[in-house]
Novice: 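So that we are looking at the same thing, I have put the structure below in C-alpha cells.
Letters A, B, ... are given to chains in the order of the sequence lines, protein chains preceding strands, and every chain is numbered from 1.
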Number of protein chains: 2
Amino acid sequence: MSVAATDTSNTRERILDAAESLFIEHGFAATSVRAIATKAGVNLAATNYHFGSKKGLFSAVFQRRVQPVNANRLKRLAALEHEAQVGKRQLTIRSILESFFEPLRYVDPGVPALIGRMYGEPESLTRPILEETFHEVAMAFQDALRLVLPHVPAEEIRWRFHFMIGSMIHLLQMHAPLGSESTHDAFTSGVPRLIDFVEAGLLRTHNGITHD
Amino acid sequence: MSVAATDTSNTRERILDAAESLFIEHGFAATSVRAIATKAGVNLAATNYHFGSKKGLFSAVFQRRVQPVNANRLKRLAALEHEAQVGKRQLTIRSILESFFEPLRYVDPGVPALIGRMYGEPESLTRPILEETFHEVAMAFQDALRLVLPHVPAEEIRWRFHFMIGSMIHLLQMHAPLGSESTHDAFTSGVPRLIDFVEAGLLRTHNGITHD
DNA sequence: CTAAAAGTCAAACGAACGTTTGAATGGCGC
DNA sequence: GCGCCATTCAAACGTTCGTTTGACTTTTAG
C-alpha cells in the first residue's frame, strides 16, 4: 500500500501515548525512557531516534494535546468577537470564559491532567514550553477581557487572569476537593463551577487595594 | 565546650536548608541526595541517618515550614471567632481570608515556594503528606465560611474553597503573571489582590448553574 | 574514668539512568 | 534485481542514583 508510510508514525504515536500517561502519573524526572519504551512496546532507542532526547519527547507529548485546545479557544473567541461586531450577540465575561474553558471538556480526558502536570514541573523545564504555547492565547483573551472591563486597569486584569489560570490548573491537576473520588466527573462538573467562580472574581468592581 | 550539644541538630538543619532550596528549584525526583549533602557540607550518609530515606527528608522539609503557618492560621481564626462571639468584631469572609492568607506573608520567603512545589509533585508522593498537613486547617476554615455563607450548600463551599486554594497555589508557585520578574515582591503585592479575587468568588450569590 | 550511645565518615553496593553505536531489516524508486 | 534511506534492534557506553556497611570519633550518663 502506498499509504504504508503511516507505519512510521505508528511507533511515534505509541511512544507519545505511553509517555503521556507515565508523565502524568509520575512526572518528568521520575519517568524513565526505559519505562516508556516498555509500555509502548518499542525498542529503547526508538525514543531518541524519533524525538532526539527525553526533553524533546516531553515537549512533543505536550504540544500534541494542547495545540488543538488552543486553536479551538482562539476560533471560538474570534467567532464571538465577530458576532459581537455584527451585533448578533453581546460580548460578556461569561461568553469569553466559556470560549476559554469549554474546549477543555471535549478532549481526551488525559489532556487536562497533562496540562496540570506540566504546571507542576520545575520551571527550568517547563517555562520555555509554557510561554511558547500559551502566550498568544493569553494575550488574546486578556485583550477580550479588557473590552468588557473597560474600567479595570490592564495590570489588574493581568492579575485576575493569573488567578483564573490558577483555579483552572488546580482543577486540572485534580487536587480535587478532598472528598470526591472520580477524576473525569469531578472535572466535568467542576468546569461550570469554575466559570461561576472566576466570573465573580473577574467582575469584581475595582476599588484599588483597600486595607480596611 | 559544654554548649556543643547543638552541633547535633546543626547537621540536621543544614540538610533541611539545603534540601529545601534544591527541592524548590528542581523538584523531588530531580534532586539527588548527593547534591543535598554537598550543598549542606555534610557526609552523604548523614541524610539517611537523620531522616531514614529521601522521602522522609522531603516530608521533614515540608513539615518544618508549614506547621508554624498552619498553627498561626488556626490561632488567628480562633481569635477571630472569639471576638465574634463576644461581639467585638464581626465575622466576615474577608476577615476569615485574612486569617488564612496573612500568615504566609511573614515567613521565610522560601515557604510559599515550597508549598507551591509540593503541589506540583506527583500525587503518589504528596497526597498523604498534604492530607495529613492540611486536613485540620481546611476543615476549620470551611466551617467558618459556612457560618458567614449560611445560604450556600456545603458542597458548593467545598468547591469554592477548592478554587481558592488553586489561586493561592498558583501564586505560590510564582507562575507569576507573565511580565513581572521579582518573586517576593510579586507574592507580597499578590496576596491582597488574591484576597479581593477569592472574596468575590466566595461571596458569589448562589443561583445554581445559570447559563445566561 | 568508663562504657554505652549517638553521630560522622570514606567506601562500596547493586541497580537504574539517558544516550550512542553499528549492524540488521524493511519498503521504495529505478 | 539493486541500491537507497528510514527505521528497528540488541548491546553496550559511562554516569549517577539511593542506600548500606563497618570502622572511627564524639557526646552523654553513671
Novice: How long is the line joining CZ of B/Phe51 and C1' of D/dT19, in whole Å?
Specialist: 16 Å
Novice: Quickly work out the B/Leu22 CG to D/dG18 P distance and round it to whole Å.
Specialist: 12 Å
Novice: Using whole Å, what does the distance between atom P of nucleotide C/dT19 and atom CD1 of A/Ile15 come to?
Specialist: 13 Å
Novice: Rounded to whole angstrom units, what separation is found between the CG atom of A/Asn10 and the P atom of C/dG26?
Specialist: 16 Å
Novice: Look at the side chain of B/Asn43 and decide which nucleotide, out of C/dC9, D/dT19, C/dT19, has an atom nearest to it.
Specialist: C/dC9
Novice: Taking any heavy-atom pair under 4.0 Å as a contact, classify B/Ala45: base, sugar-phosphate, or nothing.
Specialist: base
Novice: When you measure from the side chain of B/Ser59 to the backbone of B/Lys55, do you find a donor-acceptor pair of N or O atoms at a distance under 3.5 Å?
Specialist: no
Novice: Do any side-chain nitrogens or oxygens of B/Ser32 fall under 4.0 Å of OP1 or OP2 in D/dC17?
Specialist: yes
Novice: Give the C-alpha distance, both sets of side-chain angles, the deciding distance and a yes or no for side chain to side chain donor-acceptor pair (under 3.5 Å) between A/Ser124 and B/Glu25.
Specialist: CA-CA 8 Å; A/Ser124 55; B/Glu25 189 176 353; over 6 Å; no
Novice: Does the pair A/Arg76/A/Glu102 count as a salt bridge with the N-to-O cut at 4.0 Å?
Specialist: no
Novice: As a test of reading the structure: which of C/dT8, D/dT19, C/dG18 is closest to the side chain of B/Lys54, going by heavy atoms?
Specialist: D/dT19
Novice: Please confirm whether the backbone N or O of A/Asp17 pairs with a side-chain atom of A/Lys39, one donor and one acceptor, at under 3.5 Å?
Specialist: no
Novice: Considering only side-chain heavy atoms of A/Leu44, which listed nucleotide, C/dC17, D/dG18, C/dT19, is closest?
Specialist: C/dT19
Novice: Of the candidate nucleotides D/dT19, D/dT7, D/dA12, which contains the atom at the shortest distance from the side chain of B/Asn48?
Specialist: D/dT19
Novice: Determine the contact category for A/Ser53: base if any of its heavy atoms lies under 4.0 Å from a base atom, sugar-phosphate if only primed atoms, P, OP1 or OP2 are that close, otherwise nothing.
Specialist: sugar-phosphate
Novice: Are OP1 or OP2 of C/dT8 and a side-chain N or O of B/Thr11 less than 4.0 angstrom apart?
Specialist: yes
Novice: Measure NE2/A/His26 against P/C/dA16 and give the value in whole Å, please.
Specialist: 15 Å
Novice: Could you tell me whether the phosphate oxygens of D/dT8, OP1 or OP2, come under 4.0 Å of any side-chain nitrogen or oxygen in A/His50?
Specialist: yes
Novice: Out of C/dG18, C/dA12, C/dG7, which has the shortest distance to the side chain of B/Tyr49?
Specialist: C/dG7
Novice: Compute the centroid of each ring, for A/Phe58 and then for A/Phe23, and state whether the two points are separated by less than 6.0 Å.
Specialist: yes
Novice: Hey, which of these two, A/Gly41 or A/Arg34, hits DNA chain D nearer its 5' end, going by closest nucleotide?
Specialist: A/Gly41
Novice: B/Ile36 has an atom CD1; how far is it from atom C1' of D/dT16, in whole Å?
Specialist: 14 Å
